Engineer: 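What follows is a single structure, and I will ask about it in a moment.
Atoms within each ligand, like the ligands themselves, are counted from 1 in listed order. Since the structure is predicted, the reported quantities are computational estimates derived from the model, not experimental observations.
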Amino acid sequence: MENSTLFKQLSSRLDKLANLPKLDDEKSISKLIEEKGFSRRDFMGWAGAMTSMLMLPASFTPLVAKAAEVADRLPLVWLHMAECTGCSESLLRSATPTIDSLIFDYISLEYHETIMAASGWQAEHNLEHAMEKYKGKYILMVEGGIPHGESDFYLTVGAHGKTGEKHAIEASENAAAIFAIGTCSSFGGVQAAAPNPTNATALSNVTNKPVINVPGCPPSESNIVGTLLHFILYGTLPALDVYNRPKWAYGLRIHDNCERRGRFDAGEFVQQFGDAGAKDAYCLYKVGCKGPYTFNNCARQKFNQGTSWPVQSGHGCMGCSEPDFWDKMGIVHEPLGNRLYHTAFGGLGSDATADKIGVGLITVTAVGIAAHAAISAIKNPKV
Ligand code: FSX
Ligand code: SF4
Ligand code: F3S
């Protein structure tokens with residue numbers, strides 16, 4: 001689509017949203033920004049960065065700013081399942097609030113167990129009320145894996161002791177859009193790791209509605225807010241990869257944008273934590289970095305107000321935005337190539353599962369990556 005046509009299309013959607021009643025007349029994004037000590041310039045800078053993250057031309061920045069301004073027109077329901085609450089923490093618990101986290105202060109968060117004041121019967125009532133009042137209009141974000149089948153009683157929520165699975169299914173029924181926030185909700189996550197005693201599974205396995213996965217354990221605050229802004233702007237689903245992840249965030253490997261990539265290409269590897277290579281920011285592949293097999297934008301977006309990300313802090317990527325990373329990405333501090341070498345010619349044998357496509361890709365890539373690391377060790381035995 002031509003940029004000018006897209007611009008008009010997004011503008012007219014935002015105009016329609018702007019005409020919907022504000023959920024709180026007293027609140028406005030500009031007031032909130034000022035209260036928290038940001039200037040209009042900071043806000044526009046943030047909107048510019050968001051625009052580029054969403055892979056839109058810079059001329060769309062005013063639209064992204066407007067999308068943030070009308071974010072309060074869309075009610076949001078956020079459910080917690082089996083997880084550590086790291087996804088919410090990623091977004092909300094920064095020492096200094098970012099503009100990303102302000103958007104969540106501003107949006108009409110109708111239900112969120114971590115931050116709402118209500119509890120017990122009242123909380124459950126609020127959820128039912130929001131789902132009824134905003135039927136077909138609310139955005140649903142679900143965090144956490146969902147114990148299901150015979151073991152769904154490993155998770156009950158609220159005064160009625162309703163199972164998490166039932167909550168998730170009911171809330172999905174009339175949502176305008178559904179996002180699985182974090183690897184747990186997207187793919188089952190840590191509690192679905194073998195032997196998966198609670199039979200935890202992905203949100204997409206318990207609802208028949210379309211689910212957009214925003215994985216990462218946790219995902220960055222910018223990927224969560226970007227997801228929301230994308231929906232406000234377009235009102236449709238983003239382009240997705242094979243695991244239903246938005247391509248704007250998960251289209252490239254960690255390895256593609258890694259600041260240590262030059263070290264990798266030069267065959268300069270950390271051999272063990274604390275060695276001279278580690279101090280010189282050499283590549284972390286040999287101490288287990290799974291960046292070559294992991295699709296996410298951490299190297300660009302970073303965490304904690306954009307201060308750092310795993311590789312920058314000296315630890316390899318653990319593959320946390322990939323399905324079943326606990327089981328499939330192997331031992332944390334060992335290169336994946338060491339394991340896949342043995343299985344490359346016979347595939348992954350009995351371990352092959354429904355996401356064979358991804359695993360297949362990983363197998364081929366892993367052989368190449370491991371071969372590079374092995375050859376560079378011969379050429380450059382000191383590193
Ligand atoms: Fe935790 Fe969210 Fe990991 Fe899971 O994050 S950071 S265990 S993805 O569901 O709370
Ligand atoms: Fe970066 Fe890891 Fe790739 Fe090395 S292997 S360049 S540390 S992503
Ligand atoms: Fe996760 Fe790797 Fe990013 S471990 S946070 S996907 S660098």
Engineer: Looking at Arg261, which atoms of ligand 2 are within less than 4.0 Å of one of its heavy atoms?
Structural biologist: 6 (S)

Engineer: Look at atom 2 (Fe) of ligand 3 and say which protein heavy atom is nearest, naming residue and atom and giving the distance to 0.1 Å.
Structural biologist: Cys317 SG, 2.3 Å

Engineer: Would you verify whether the NZ or CZ of Arg73 falls within 45 degrees of the ring axis of Tyr134 while also being under 6.0 Å from that six-membered ring's centre?
Structural biologist: no

Engineer: Taking only non-hydrogen atoms of Ala299, do any sit less than 4.0 angstrom from ligand 3?
Structural biologist: no

Engineer: Is Cys184 in polar range of ligand 1, meaning some N or O pair under 3.5 Å apart?
Structural biologist: no

Engineer: Look only at interatomic distance and state if Thr183 has a nitrogen or oxygen under 3.5 Å from any nitrogen or oxygen of ligand 1.
Structural biologist: no

Engineer: Give the minimum heavy-atom separation between Met50 and Leu229, together with the two atoms involved.
Structural biologist: SD-CD1, 3.8 Å

Engineer: Hey, do the aromatic rings of Tyr282 and Phe264 have their centres closer than 6.0 Å?
Structural biologist: no

Engineer: Hey, is Glu35 close enough to Lys31 for a salt bridge, meaning N to O under 4.0 Å?
Structural biologist: no

Engineer: Near Pro218, which atoms of ligand 1 are under 4.0 Å from a heavy atom of that residue?
Structural biologist: 6 (S)

Engineer: Which of the atoms of ligand 1 are close to Gly216, meaning less than 4.0 Å from one of its heavy atoms?
Structural biologist: 8 (S)

Engineer: Could you check atom 4 (S) of ligand 3 against the protein and tell me its nearest heavy-atom contact, residue, atom and distance included?
Structural biologist: Met318 N, 3.1 Å

Engineer: Looking at every heavy atom in both Ser308 and Ser313, which two are closest together, and how far apart are they?
Structural biologist: OG-N, 3.9 Å

Engineer: Write out the residue and atom name of the closest protein heavy atom to atom 3 (Fe) of ligand 3, then the distance separating them to 0.1 Å.
Structural biologist: Cys298 SG, 2.3 Å

Engineer: Considering the heavy atoms of Cys217, write down every atom of ligand 1 situated less than 4.0 Å from one of them.
Structural biologist: 3 (Fe), 6 (S), 7 (S), 8 (S)

Engineer: Contact between Phe303 and ligand 3, counting heavy atoms under 4.0 Å?
Structural biologist: yes

Engineer: Looking only at protein heavy atoms, which one is nearest to atom 1 (Fe) of ligand 3, and how far off is it?
Structural biologist: Cys320 SG, 2.3 Å

Engineer: Taking 2.8 Å as the cut-off, does His255 contribute an N, O or S atom near atom 2 (Fe) of ligand 2, distance below it?
Structural biologist: no

Engineer: Measuring from the heavy atoms of Pro310, does anything fall under 4.0 Å of ligand 3?
Structural biologist: yes

